[in-house]
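Please read the structure below before turning to the comments.
In what follows, residues are counted from 1 in the order of the sequence shown.
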Amino acid sequence: ARKDDFLAPSQVDELVRLADRQPLSNCRVGYHNDTRLCGLMPVDDNVLLKAVRGRIGDLLGVDVSQMPHLPVRLTQPGTKAIPAHYEHMEIDEEDDHPDAVALIYLKNGAPRGTGRLIFPLSGIAIDPRPGTMVFFKVKKDDGTLCPHHLHEVEE
């Protein structure tokens, strides 16, 4: 699912400023050679981050009120395309798949190329636009992996 204009331009600008101040390190996500940087933005008492967290929960129909941070993932200039993969994380030294993914674009596309998010089994392609939120399920209701969340990112 995609929600255009999930964030207003002024909210996007403020989130970019907040994200730029976060310490980032190599992502430990997925099976591919991930060259992106990842970090965590503490929600704490930040009014904007609390509002964004609340809107995500409202839109998705889940309680996220106790989520202490919002993850940040940065694609560096010159990053190559990210090949087709299933969302996967290393959590506490164990491999795990999240139930779902919600991502909010803060900048236009990749530093070079489109940065388009493609779901090849579904025939869906989403151009990154600041303020747009994309949501997709990783697991079905029975806990098994949903094969249609296979996705890639164009260069």
Side-chain angles (χ1 to χ4, degrees), residues 1-30 34 36-76 79 82 85-111 114-119 121-122 124-154:
R2 180 175 101 196
K3 172 82 171 124
D4 291 322
D5 301 321
F6 178 75
L7 295 176
S10 62
Q11 292 173 313
V12 170
D13 292 344
E14 181 60 22
L15 280 178
V16 167
R17 280 191 289 278
L18 290 170
D20 284 345
R21 293 195 301 246
Q22 299 307 310
L24 302 174
S25 60
N26 291 332
C27 296
R28 292 181 7 177
V29 180
D34 201 329
R36 297 170 293 177
L37 297 176
C38 291
L40 301 173
M41 247 186 324
V43 174
D44 296 329
D45 291 326
N46 184 291
V47 174
L48 176 59
L49 293 178
K50 287 171 100 172
V52 169
R53 179 181 66 187
R55 287 197 62 213
I56 292 170
D58 291 346
L59 187 65
L60 304 180
V62 295
D63 179 14
V64 294
S65 62
Q66 299 304 310
M67 193 167 79
H69 61 266
L70 296 177
V72 176
R73 207 177 277 177
L74 172 68
T75 301
Q76 295 283 53
T79 297
I82 298 171
H85 65 283
Y86 290 99
E87 201 64 26
H88 177 268
M89 299 179 177
E90 293 177 30
I91 302 172
D92 296 328
E93 304 301 321
E94 292 185 27
D95 293 341
D96 197 13
H97 296 273
D99 292 336
V101 170
L103 69 91
I104 302 168
Y105 289 106
L106 298 179
K107 296 188 178 183
N108 279 320
T114 69
R116 184 177 296 122
L117 179 63
I118 300 171
F119 295 87
L121 298 179
S122 302
I124 296 171
I126 299 170
D127 290 323
R129 292 188 183 109
T132 295
M133 185 177 94
V134 176
F135 166 78
F136 56 94
K137 289 182 84 170
V138 173
K139 292 181 183 176
K140 297 186 220 174
D141 291 340
D142 67 5
T144 61
L145 286 180
C146 176
H148 294 284
H149 92 270
L150 179 76
H151 60 284
E152 60 190 74
V153 180
E154 269 185 349

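For the pair L49 and R53, the minimum side-chain heavy-atom distance is 4.5 Å or more. Using a 4.5 Å heavy-atom threshold, the side chains of L145 and V138 count as touching.
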>> Using the rule given for side-chain contact (heavy atoms from CB on, under 4.5 Å), can you reason through Y105 versus V12, listing the C-alpha separation, both sets of side-chain angles and the distance that settles it, and then say yes or no?
In response: CA-CA 8 Å; Y105 289 106; V12 170; over 6 Å; no
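For the pairing with R2, the side chain to side chain contact (heavy atoms under 4.5 Å, CB included) check across T132, I124, L117, D127 returns one residue only, T132.
A distance of 6.5 Å separates CG of D4 from CZ of R129, quoted to the nearest 0.5 Å. Rounding to the nearest 0.5 angstrom, the gap separating the SG atom in C38 from the CG atom in N26 is 8.5 Å. Taking NZ of K50 as the reference point, atom CE of M67 lies at 13.0 Å (rounded to 0.5 Å). Going from atom CG of L15 over to atom CG of L106 covers 5.5 Å, rounded to the nearest 0.5 Å. To the nearest 0.5 Å, atoms NE2 (H151) and CD1 (I82) are separated by 8.0 Å. Atoms CD1 and CD, from I118 and E152 in turn, are 5.0 Å apart once rounded to the nearest 0.5 Å.
Summarising the geometry of K107 relative to P130, their closest heavy-atom pair is C-CG, 3.8 Å, with the distance given to 0.1 Å. Of all non-hydrogen atoms in R116 and A125, the two that sit nearest each other are CD-CB, 3.5 Å. The two residues I104 and M133 make their nearest non-hydrogen contact at CG1-CG, 3.9 Å. Summarising the geometry of K139 relative to K137, their closest heavy-atom pair is O-CE, 3.5 Å, with the distance given to 0.1 Å. When all heavy atoms are compared, the tightest approach of A19 to V72 is CB-CG1, 4.1 Å. Nearest heavy atom pair, residue I56 against residue A102, reads CG2-CB, 4.4 Å.
F119 and F136 have perpendicular rings, their planes meeting at more than 60° on a 0 to 90° scale where under 30° would count as parallel.
Counting only distance, with no hydrogens or angles, the side chain of N46 and the backbone of L48 share a donor-acceptor pair below 3.5 Å. Side-chain N or O atoms of Q22 include one that pairs as donor or acceptor with a backbone N or O of L18 at under 3.5 Å.
Atom CG of D5 has 12 or fewer neighbouring heavy atoms from other residues, nucleotides or ligands inside a 6.0 Å radius.
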